[in-house]
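Numbers here are sequence positions counted from 1. All ligand and atom numbering here is 1-based and tracks the order in the structure.
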Amino acid sequence: MNGTLYIVATPIGNLDDITFRAIEILKNVDVILAEDTRHSKRLLNHYDIKADLWAFHDHNEKQKSQVIVNDLLEGKNMALISDAGTPLISDPGYVLVREAKKAGVMVSPIPGPSAMISAMSASGIASDKFGFFGFLPNKQTARIKAIQAIAHTDQTVIFYESPKRILACAQDLQSVLGDERIVCFAKELTKSFETIKTDTLPNLLDYLQEDVTHQKGEFVILISSIDKDDKMAGEEQLDKILPILLVEMGASKAAKLAAKITGIDKKYCYQRAIDL
Ligand code: SAM
């Protein structure tokens with residue numbers, strides 16, 4: 001009989017945020033695969049969980065996955081946990097799950113917290129349609145490009161940010177999205193200094209800068225989707241100017257200029273230009 005690989009969500013701060021089933025599974029598996037064994041020991045000791053603990057992280061995921069799958073095929077039951085929240089959500093595990101499924105091993109999720117879902121549930125930003133983008137690039141040029149690419153989507157955009165880059169990221173968000181867009185910064189969720197601020201970017205920047213402690217902690221950022229009226233106005237403007245620009249210049253130049261005038265993403269303007 002093959003073993004089962006359980007994907008177990010663990011707390012994102014408050015140790016009480018773990019399900020009865022997660023504790024039961026962690027107590028009964030043969031091996032727990034943990035991103036950082038020292039970090040996870042705190043949780044496991046708290047719940048008196050004594051299973052064998054193996055290190056499983058970004059750097060050894062590829063190399064270890066096959067060994068783990070072989071053990072699963074020999075009947076070992078295993079649980080994958082990450083430092084916080086749901087494994088595979090900006091955390092290791094994808095290669096292992098893919099390989100385990102390929103080998104015919106049962107993979108079973110034990111649901112629980114994830115920072116992105118927790119943040120969205122209390123943000124006051126629309127939750128009917130959303131996209132999760134993990135971490136934005138660290139370098140400013142790439143980060144600005146990434147923000148430009150998501151600036152005009154008609155869904156809520158969610159991503160993670162570290163305290164090291166939160167101020168620079170907020171400044172880049174303002175430079176691309178302007179002063180009116182509603183954004184949420186959710187930090188230190190489930191911890192003593194939990195703060196969830198949903199406001200315009202100038203107000204959020206004031207908050208970050210008024211006290212350095214406001215930049216500390218782990219952040220989830222949510223960007224509200226572009227207002228439907230603004231989007232329609234932008235599109236109408238694009239429809240008017242693109243044909244005029246295309247008489248004078250090529251599609252690429254016209255798209256660049258149209259993007260500057262309307263604030264709409266350049267790639268989108270280019271597609272519209274070549275479709276005309
Ligand atoms: N797997 C995790 C999950 O399900 O949310 C995410 C892991 S990712 C490596 C870590 C990032 O998640 C942090 O840098 C932060 O952006 C976000 N995060 C984790 N815990 C958080 C918390 N308590 N409050 C706010 N953000 C948190």
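Contact annotation: for Leu189 versus ligand 1, heavy atoms closer than 4.0 Å belong to both the backbone and the side chain. At a 4.0 Å heavy-atom cut-off, ligand 1 touches Glu161 through the backbone alone. At a heavy-atom cutoff of 4.0 Å, ligand 1 is contacted by both the backbone and the side chain of Ser114.
Residues passing the salt bridge (charged side-chain N to carboxylate O under 4.0 Å, His left out) test with Arg143, sequence neighbours excluded: Asp172.
In this structure, the protein non-hydrogen atom closest to atom 18 (N) of ligand 1 is Ala115 CB, 3.5 Å. Nearest protein heavy-atom neighbour of atom 2 (C) of ligand 1: Ala84 O, 3.1 Å. Ranking the protein heavy atoms by distance from atom 25 (C) of ligand 1 puts Glu218 O, 3.1 Å first. Counting protein heavy atoms only, atom 7 (C) of ligand 1 is closest to Asp91 OD2, 3.2 Å. Protein heavy atom in closest approach to atom 10 (C) of ligand 1: Phe135 CZ, 4.0 Å. In terms of protein heavy-atom proximity, atom 9 (C) of ligand 1 is nearest to Ser90 O, 3.2 Å. Looking only at heavy atoms of the protein, atom 16 (O) of ligand 1 is closest to Phe219 O, 2.6 Å.
Annotation: Phe132 is in aromatic contact with Tyr160 [ring centroid separation under 6.0 Å].
Ring planes of His214 and Tyr207: parallel class, angle under 30° (limits at 30 and 60°).
Heavy atoms of Gly13 come nearer than 4.0 angstrom to ligand 1 in no pair at all. A heavy-atom separation below 4.0 Å is found between Ala186 and ligand 1.
Around atom CZ of Phe135, more than 12 heavy atoms belonging to other residues, nucleotides or ligands sit under 6.0 Å away.
Counting only heavy atoms from C-beta outward, the side chains of Ile125 and Ile223 never approach each other to under 4.5 Å.
On a distance-only criterion, Pro87 and ligand 1 share no N/O pair closer than 3.5 Å. Geometrically, ligand 1 and Tyr160 share a nitrogen or oxygen pair separated by less than 3.5 Å. Looking at ligand 1, you won't find any N or O of Pro113 less than 3.5 Å from one of its N or O atoms.
A salt bridge is defined here as a Lys NZ or Arg NE, NH1 or NH2 lying under 4.0 Å from an Asp or Glu carboxylate O, and Asp48 with Lys27 fails to meet this definition. Ion pairing between Glu248 and Lys253 fails under the 4.0 Å rule for side-chain N and carboxylate O.
Residue pairs meeting the salt bridge (Lys or Arg N to Asp or Glu O under 4.0 Å) criterion with at least one partner in residues 193-206, sequence neighbours excluded, do not occur; the list is empty.
Residues Ile196 and Cys184 approach most closely at CG2-SG, 3.7 Å, considering heavy atoms.
Near Thr86, meaning under 4.0 Å from any of its heavy atoms, are these atoms of ligand 1: 1 (N), 3 (C), 4 (O).
Interatomic distance, OH of Tyr6 versus CD1 of Ile110, reported as 6.5 Å (0.5 Å rounding).
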